[in-house]
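Everything below concerns the one structure shown next.
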Amino acid sequence: MAARSAMGFAAGALRQTATQLRAAPTMVPGGIARQTRSMGGGGPGVTHEGLTLHEPGMFHKGWAYGLGGLTWFWIFYRFYKDGDTLIYGHAPHFEHDDDDHH
């Protein structure tokens, strides 16, 4: 019985290794892994009514977070510098005398 379970374990390990090797990037001469790509991102994507939407790659996600953070930094910085103008308007508007000499 122990031999049969060991054989089952070995067969399962072989199947798992074969599956991982099939999913691994292909090797080109020289030992460098060649990356396979899908059109527009990594992975097969999701299809809705004939339109396939792919997941963005890590590069694009990183750029999106970086540029989004830069945008919010710019908005808060401009509010810090020009917040009074944004809330109260331009200064000449408040410098009129209110004595009604028209």
Side-chain angles (χ1 to χ4, degrees):
M1 194 67 156
R4 187 176 284 165
S5 66
M7 288 297 286
F9 177 79
L14 268 172
R15 272 194 301 272
Q16 185 177 6
T17 303
T19 303
Q20 289 174 350
L21 284 175
R22 271 185 254 137
T26 58
M27 297 297 284
V28 295
I32 300 173
R34 180 178 42 163
Q35 182 180 9
T36 57
R37 296 183 182 192
S38 298
M39 185 79 169
V46 178
T47 302
H48 298 283
E49 297 183 5
L51 176 66
T52 303
L53 303 173
H54 297 278
E55 277 291 316
M58 289 303 295
F59 175 79
H60 292 98
K61 287 181 184 178
W63 269 101
Y65 279 111
L67 291 176
L70 181 66
T71 301
W72 281 109
F73 171 76
W74 180 253
I75 289 170
F76 290 135
Y77 177 77
R78 291 313 307 168
F79 186 76
Y80 172 73
K81 292 293 183 180
D82 298 331
D84 292 337
T85 304
L86 180 66
I87 293 173
Y88 301 116
H90 292 285
H93 174 72
F94 293 107
E95 293 177 2
H96 294 292
D97 291 335
D98 214 13
D99 52 0
D100 293 330
H101 288 77
H102 296 285

Listed once per pair and sorted, the side-chain hydrogen bond (donor to acceptor under 3.5 Å, both in side chains) pairs that draw on residues 74-83, sequence neighbours left out: Arg78-Asp82
Residue pairs, two or more places apart or on separate chains, that pass salt bridge (Lys or Arg N to Asp or Glu O under 4.0 Å) and touch residues 56-77: Glu55-Lys61
With Ile75 via side chain to side chain contact (heavy atoms under 4.5 Å, CB included) - residues at least two apart: Thr71, Trp72
Of all pairs that satisfy salt bridge (Lys or Arg N to Asp or Glu O under 4.0 Å), the ones with a partner from residues 63-76, not counting sequence neighbours: none
Same cluster (ILVMFWY, side-chain, under 4.5 Å), Tyr65 and Phe73: no
Leu53: hydrophobic cluster co-members (side-chain, 4.5 Å): Leu51
Distance, nearest 0.5 Å, that separates CG of Leu70 from CH2 of Trp63: 9.5 Å
Salt bridge (Lys or Arg N to Asp or Glu O under 4.0 Å) pairs, two or more places apart, involving residues 63-76: none
